Amino acid sequence: MVPGEENQLVPKEDVFWRCRQNIFDEMKKKFLQIENAAEEPRVLCIIQDTTNSKTVNERITLNLPGSTPVRKLFEDVANKVGYINGTFDLTWGNGVNTADTAPLDHTSDKSLLDANFEPGKKNFLHLTDKDGEQPQMLLEDSSNVEDSMHDRFIGPLPREGSVASTSDYVSQSYSYSSILNKSETGYVGLVNQAMTCYLNSLLQTLFMTPEFRNALYKWEFEESEEDPVTSIPYQLQRLFVLLQTSKKRAIETTDVTRSFGWDSSEAWQQHDVQELCRVMFDALEQKWKQTEQADLINELYQGKLKDYVRCLECGYEGWRIDTYLDIPLVIRPYGSSQAFASVEEALHAFIQPEILDGPNQYFCERCKKKCDARKGLRFLHFPYLLTLQLKRFDFDYTTMHRIKLNDRMSFPEELDMSTFIDIEDEKSPQTESCTDSGAENEGSCHSDQMSNDFSTDDAVDEGICLESSSGTEKISKPSLEKNSLMYELFSVMVHSGSAAGGHYYACIKSFSDEQWYSFNDQHVSRITQEDIKKTHGGSSGSRGYYSSAFASSTNAYMLIYRLKDPTRNAKFLEVDEYPEHIKNLVQKERELEEQEKRQREIERNTCKIKLFCLHPVKQVMMENKLEVHKDKTLKEAVETAYKMMDLEEVIPLDCCRLVKYDEFHDYLERSYEGEEDTPMGLLLGGVKSTYMFDLLLETRKPDQVFQSYKPGEVMVKVHVVDLKAETVAAPITVRAYLNQTVTEFKQLISKATHLPSESMRIVLERCYNDLRLLSVPSKTLKAEGFFRSNKVFVESSETLDHQAAFTDSHLWKLLDRHANTIRLFVLLPEQSPGSSSKRTVYQKAGGDSSNADDDCEGVKGPAGNLKSVDAILEESTEKLKSLSLQQQQHDGDNGDSSKSTETSDFENIESPLNERGSSTSVDNQELEQHIQTSDPENFQSEERSDSDVNNDRSTSSVDSDILSSSHSSDTLCNADSTQIPLANGLDSHSITSSRRTKANEGKKETWDTAEEDSGTDSEYDESGKSRGEMQYMYFKAEPYAADEGSGEGHKWLMVHVDKRITLAAFKQHLEPFVGVLSSHFKVFRVYTSNQEFESVRLNETLSSFSDDTKITIRLGRALKKGEYRVKVCQLLVNEPEPCKFLLDAVFAKGMTVRQSKEELIPQLREQCGLDLSIDRFRLRKKTWKNPGTVFLDYHIYEEDINISSNWEVFLEVLDGVEKMKSMSQLAILSRRWRPSEMKLDPFQELVLESNSVDELREKLSEISGIPLEDIEFAKGRGTFPCDISVLDIHQDLDWNPKVSTLNVWPLYICDDGAVIFYRDKTEEVMELTEEQRNELMKKESSRLQKTGHRVTYSPRKEKALKIYLDGAPNKDVAQD
């Protein structure tokens, strides 16, 4: 080896090993950093942007190492939200009032841990304005990153290799400025109103078509001739000007759709973009009549083709000329599973002729016979702008649903149409022309029908009544057409979704820079040729962001090509080339946009906050919204609020001021002394969408001075209590500190109330009915539970009440009564048995007798004398005793009190006694506990409405009324505290659930029902003592002058009553005022809608009643204990409405079914005109609309039949003798289906002795005459009568189930009333023509809709797309 080479070799090895060692050292350092970072605590920061109403619900989430400087936190937040760092503040949001905390220092190098951030926990921060100024957005030229992030959301066409941002904060709706700032592409998007993406795609395509835009600009609007609101060309002109000149990211299309005559509901209807194109072009042609643009659509978009038929024997050809605006291309040939590979292939198939032979032979005029012929289409002329519709929507006859074909179909960027032009040279004498579609009665054909029918008589269906006035146009020679038929693609309208719905957007090439852009509603972005190829469809294409919702591909739906002709290809008009009217329009729109911008700027700097004011005269709290510019001073804001609350004529301005207020706690947080010249932006903490506090416009009298409210104070409303007068005064307000002791607080109150603090007792009401005596002098208010706003009661009398335990003291009783007393307005009956002149105000005698006299007052009689309560009671006692003896004697004569008729004369009673001995307790009737059994489809209140009460026609002997009117009590006393309504028949103890098993075992069924389930509440306990008397409850009543219009004869009472009183006791208190016993009047609660609902649960309290509730008293006997009011409905199995209400009856516990039938007979005769014998009708259970168990005559209510309040039964008239004799029998309703006639026979009842399927088959065979082996049956579905369409019954029901008994799956027939359909399996189904099927479908739809059953086979009718030329949609209703 050469020595020189050896010397050079060693250093090279050293360099190599040193480099390797350095790399290892760097890797080790990196690993150590990663390891340390993994061990370092992390800080989770959640930031809420409160600077804008659009962003207040957005959140930033950052998970940072604890060593991260605060400065770096600000930088990360700024990058996330797109704000300039230093133009916003971050304040703590962990339940802290942001107005009272200092913002974080954005220049601080402190670590997050040193700045009191908690690792492992959520650290909430608020992003707020800095010095009252909103954060500044990054400018467009310095925020390409932001725009790129926005472009990520345009959806279907992401750029290859684009780097996804980790931001979870930036979204389409993050900032309003993102809509205001124009896209970096220079193009403006269109806002999607709701489902108007199809409209946006077409409008952007038209805008990017130079020839169409330039022609539209040349048209001049004459305001004197037309309303600009309804002028479609003018609104399109305005839209195009805004798209070209606006600085916004996107603009609205509402003015355009309004010119179409559409309302807001149209925005929620998605339509086909090709259909819209046709309808809009027709509308423009109508609007442009007799103008230079009259033939614009035809000049740009209309082509011509020949529809011909040629005889193959003699060569005779019949043909006609048709025009078209687009060419519909089939994606997949009919009956084929293979789609066309390209647009060129589909075009060849479009003009491929078909041979008419066999039964389809053509009658040749020359041969005078049917001959084989060739039928096809030939293109004669292609338009300047060629529109191709790819027919991706089809109908699947297997599933009978619309489908979308997502097969791949490629299309070229340049399309040579010369190969498709008609090159036929032989214009032989045999060829004859039939028609030309340019004639007067022809127009553009609908694309969906072009292949089959080229007449355009369906133009009306497209939404425009179109009459073309263009004459026949000469056809260019084919040789001339072939010279230049190269087209270039410039618009692809893409559909992403399925046949059920989806999303449209447009990919358009700009002729200005030859660049492709995606116009996806308000987002415009650059795309590449590769993105266009992805719209070809098939598996290789992008599935788009709608794929998750519709599981379908994103593919091209409409293609628009422009002819490459330098002599015709136009450029967009430059600004200096605009017509004068367009220049004026541009200037006008710019001024409007600048004005809108200024208004937005004002809005951005306007503080909007809730404003309250207690009216100094009316003492009513008023509410409004104060809107004041952030630079306005507090003094100017007070003046604005003063005028807003209309106080100019009430109080001077200098007697008003604004204070910080918390409405929820009714708390005055602070006042702003000495800050009259401070800007509102600084006072309120900046301009925000929502504030955590409100403002109160506080007022004072001229001789008063405003109190200073300091932060940290608590507000206390002090009520002074007078034990002697038993009154609680209106509150006065004092302010205290939480660290004050009770002793200091007493001294503070003493100054405000002038009461001695030494004997003062203070009671704090922490929450409803939670009273706490402040008895420890050294305890602080905070320790006692004071908060921002508090309510206390103070008393400072020198009585022995101080020595009693607080809960036993007079003070506690008075406050307890004060907290639970409500005020009710009671409307007495118009005419009551007691004389109204003798009616007296009455206070319940009981409890503390010393206070009774304070609450008792007299009412002057006719002569003006004042009659004492004692005198009234003494007089009423004698009469009531006499009445009681008469009733007892009458009850003894009649035996069973449940069936007796009460015949007492109440006309002589002036005021019954409220307290009665046990001898009179028999006369106290009890009301029923009712549980409303509601129709699930027509759910009503558990209480019965007044209209139902007025329709009560029950006159059974059990419910016979000694008064002139009897009202049903089918309600609960309130909706707040009642039980959940049960479906009728779904009781916990039901005869149907076990009747079959128990009958087979020979056991008797009995049910022991608790008293609370017996239908009524007992007004008395077992000893006969009134439950209302067991505990003293406050009650005080006085006459009340009602509003006008209450009607003559009506008397009102204003009642103050303890809401813990039971309804039974409340009614007893009302007896002296009504003039009858509580068992002979009813209480109805009046709601805001003036509906009256009866309250019947006597054991329930008035806790659900609120202040100023209105109550109506109606005369009528209430139900006795053990009685139930029952609704009786007639079952008509073969009528369209099988359930008919008859009457309300009263059934009693222990009564047999036969006894109830006996009582029903006279009522049915009198009220319903039904003259029935007892053996010719039956009663059966009613479960909603379904007939159930047949009740046998010997069944006893509440022993064999579980009865409940508001019960319902069916009455069924029998055709013959009752066949049901035993509970072991089963009554089935059968109905025969006749498929050969497509009809159902009437119902017939079958009575089975067992649940055997064989017996059912035998009975069906017996009544129908069908051989036993040919019988097939199925159970009906749904509610009675189990209606089903005759078009569906043969295949939809589960026919001939493989079971041996009826009580197993899938039948589950265990009770009477089940519906069975049966048929003869040898009977064939009638074959229907299409007309017959459609006619039958209409009849069945009408029948089932009348019976309330759902029609499943009727497809949803799509709403036609229409454009109303006069802006009046009601004129085109007939065309729907």
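Since we're looking at a predicted model, the values are computed, not measured.
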Are [X] and [Y] close enough for a salt bridge, meaning some N to O gap below 4.0 Å?
X: Glu593; Y: Lys597; answer: no
X: Arg657; Y: Glu673; answer: yes
X: Glu639; Y: Lys643; answer: yes
X: Asp1058; Y: Arg1060; answer: yes
X: Asp801; Y: Arg761; answer: yes
X: Glu601; Y: Arg604; answer: yes

Inset, instruction - Show your working on side-chain contact (heavy atoms from CB on, under 4.5 Å) between Leu755 and Ile749 and close with a plain yes or no. - result: CA-CA 8 Å; Leu755 295 175; Ile749 293 179; 5.9 Å; no

Validation row: [X], [Y] side chains within 4.5 angstrom (heavy atoms):
X: Arg817; Y: Glu726; value: yes
X: Glu784; Y: Phe745; value: no
X: Glu636; Y: Met680; value: no
X: Thr606; Y: Val687; value: no
X: Ile1111; Y: Phe1066; value: yes
X: Tyr83; Y: Leu127; value: yes
X: Met692; Y: His126; value: no
X: Glu798; Y: Ser759; value: yes

Do the side chain of [X] and the main chain of [Y] share a donor and acceptor less than 3.5 angstrom apart?
X: Ser671; Y: Tyr709; result: yes
X: Asn123; Y: Phe117; result: no
X: Ser108; Y: Asp105; result: no
X: Lys660; Y: Phe693; result: no
X: His1056; Y: Arg823; result: no
X: Asn790; Y: Phe787; result: yes
X: Ser750; Y: Gln747; result: no
X: Ser809; Y: Ala804; result: no
X: Ser789; Y: Asp666; result: yes
X: Arg700; Y: Gln704; result: yes

State the [atom1]-[atom2] distance between [X] and [Y], to the nearest 0.5 angstrom.
X: Lys1110; Y: Leu827; atom1: NZ; atom2: CG; answer: 9.0 Å
X: Glu603; Y: His629; atom1: CD; atom2: NE2; answer: 10.0 Å
X: Thr699; Y: Met645; atom1: OG1; atom2: CE; answer: 11.0 Å
X: Asp816; Y: Thr807; atom1: CG; atom2: OG1; answer: 10.5 Å
X: Leu112; Y: Leu44; atom1: CG; atom2: CG; answer: 11.5 Å
X: Tyr642; Y: Asp654; atom1: OH; atom2: CG; answer: 8.5 Å

Inset, instruction - Give the intermediate values and the outcome of side-chain contact (heavy atoms from CB on, under 4.5 Å) for residues Val70 and Phe74. - result: CA-CA 7 Å; Val70 174; Phe74 274 85; 3.7 Å; yes

So for atom [atom1], which belongs to [X], do other residues, nucleotides or ligands contribute more than 12 heavy atoms lying within a distance under 6.0 Å?
X: Lys779; atom1: NZ; answer: yes
X: Gln595; atom1: CD; answer: no
X: Lys1059; atom1: NZ; answer: yes
X: Lys632; atom1: NZ; answer: no

Work out which heavy atom in [X] is nearest to a heavy atom in [Y]; give both atom names and the distance.
X: Lys608; Y: Glu627; answer: CG-CG, 3.7 Å
X: Phe706; Y: Cys655; answer: CZ-O, 3.4 Å
X: Ile822; Y: Asp1107; answer: CA-OD1, 3.2 Å
X: Gly86; Y: Lys130; answer: O-CD, 3.0 Å
X: Thr61; Y: Lys80; answer: O-NZ, 4.2 Å
X: Phe1105; Y: Ser1095; answer: CZ-OG, 4.0 Å

Inset, instruction - Test Val721 against every option in Val794, Val763, Leu814, Thr727 by the side chain to side chain contact (heavy atoms under 4.5 Å, CB included) rule and name the one that passes. - result: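 With Val721 as partner, Val794, Val763, Leu814, Thr727 yield a single side chain to side chain contact (heavy atoms under 4.5 Å, CB included), made by Leu814.
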
Ignoring hydrogens and angles, write down the donor-acceptor pairs under 3.5 Å from the side chains of residues 609-621, residues two or more places apart or on other chains.
{"residue": "His615", "atom": "ND1", "partner": "Val617", "partner atom": "N", "Å": "3.1"}
{"residue": "His615", "atom": "ND1", "partner": "Lys618", "partner atom": "N", "Å": "3.1"}
{"residue": "Gln619", "atom": "NE2", "partner": "His615", "partner atom": "O", "Å": "3.4"}
{"residue": "Gln619", "atom": "NE2", "partner": "Pro616", "partner atom": "O", "Å": "3.2"}

Inset, instruction - Determine whether the side chains of Thr1101 and Ser1103 contain a donor N or O and an acceptor N or O closer than 3.5 Å. - result: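 Checked: Thr1101/Ser1103 side chains pair up, N/O donor to acceptor below 3.5 Å.
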
Legend entry - Short side-chain donor-acceptor distance under 3.5 Å, Glu713 and Tyr737: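 A pair is found: one side chain offers a donor N or O, the other an acceptor, under 3.5 Å apart.
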
Inset, instruction - Show your working on side-chain contact (heavy atoms from CB on, under 4.5 Å) between Leu1053 and Phe825 and close with a plain yes or no. - result: CA-CA 6 Å; Leu1053 290 178; Phe825 294 99; over 6 Å; no

Legend entry - Pairing residues for Asp662 by the side-chain hydrogen bond (donor to acceptor under 3.5 Å, both in side chains) criterion, not counting sequence neighbours: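 Asp662: side-chain hydrogen bond (donor to acceptor under 3.5 Å, both in side chains) contacts with His665, Arg788.
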
Legend entry - Parallel, tilted or perpendicular, as decided by the 30° and 60° cut-offs, for the rings of Tyr1040 and Trp1052: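 If you compare the ring of Trp1052 with that of Tyr1040, the planes turn out perpendicular.
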
Inset, instruction - Over 60° means perpendicular and under 30° means parallel, so classify the ring planes of Tyr1087 and Phe1093, tilted if in between. - result: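 Rings of Phe1093 and Tyr1087: perpendicular, as their planes differ by over 60°.
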
Inset, instruction - Assess whether side-chain contact (heavy atoms from CB on, under 4.5 Å) is satisfied between Leu658 and Leu626, documenting all intermediate values. - result: CA-CA 11 Å; Leu658 286 174; Leu626 178 64; 4.3 Å; yes

